[in-house]
Amino acid sequence: MQELPKYDDEMATATAEATAAGEKLRYVGVVDVKNGRGSVELRRYKVDHPFAQLSGSDNIISFETKRYKEGGTLVIRGPGAGAEVTAGGVFGDLLRVCQYLGAPS
């Protein structure tokens, strides 16, 4: 966390460039089924794109398949669990990992 401030200028520049182009920055998870790869990327989206319209703890997923191709992808969007529920879930996961590793209970 202490290293994050050194990226502030880079992120501010990227945000300003996206805004000037009528776009928004979003972190997205990308799954490439054909090549068996997954990644998290920072991408730019036009403001009318569903990903650019997210706010708060909203979640969104877009499917591109043989039936749903470029421009006609299947998009599912809805509210996320929120910070408290997510934090509780992560904490529970950590406790299970500790138990698995043999930590005393």
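Just so you know, residue 1 is the first one in the sequence shown, and it goes up from there. Bear in mind the structure is a predicted one, so any value in this text is a computation, not a measurement.
- Counting heavy-atom neighbours within 6.0 Å of Glu41 CD, excluding the residue itself, gives a total above 12.
- The number of heavy-atom neighbours closer than 6.0 Å to CG of Asp32, taken from other residues, nucleotides and ligands shown, is above 12.
- Heavy atoms only, all atoms of each residue included: Phe63 and Ile76 are closest at CE1-CD1, 3.7 Å.
- With hydrophobic clusters built from ILVMFWY side chains whose heavy atoms lie under 4.5 angstrom apart, Leu74 shares a cluster with Ile61.
- Taking every heavy atom of both residues into account, Arg43 and Tyr45 meet most closely at CD-OH, 3.4 Å.
- Using modelled atom types, one side-chain atom of Arg26 and one backbone atom of Phe51 make a donor-acceptor pair closer than 3.5 Å.
- Taking each heavy atom of Arg44 and Ala21 in turn, the nearest pair found is NH2-CB, 3.3 Å.
- Taking all atoms of both residues into account, the shortest heavy-atom contact from Asp58 to Pro79 is OD1-CA, 4.1 Å.
- The distance from atom CD of Gln53 to atom CD1 of Ile60, rounded to the nearest 0.5 Å, is 8.0 Å.
- Asp48 contributes atom CG, which lies 10.0 Å from atom CD of Glu23 (distance to the nearest 0.5 angstrom).
- For the pair Arg77/Asn59, no side-chain contact is recorded, criterion being any heavy-atom separation below 4.5 Å from C-beta on.
- Leu42 contributes atom CG, which lies 8.0 Å from atom OG1 of Thr15 (distance to the nearest 0.5 angstrom).
- Residues Val30 and Leu25 fall into different hydrophobic clusters, defined by Ile, Leu, Val, Met, Phe, Trp and Tyr side chains chained together at heavy-atom separations under 4.5 Å.
- Residues Val28 and Leu54 share a single hydrophobic cluster, defined by chaining ILVMFWY side chains whose heavy atoms lie under 4.5 Å apart.
- Note on Tyr27: it does not cluster hydrophobically with Val31, by side-chain heavy-atom contacts below 4.5 Å among ILVMFWY residues.
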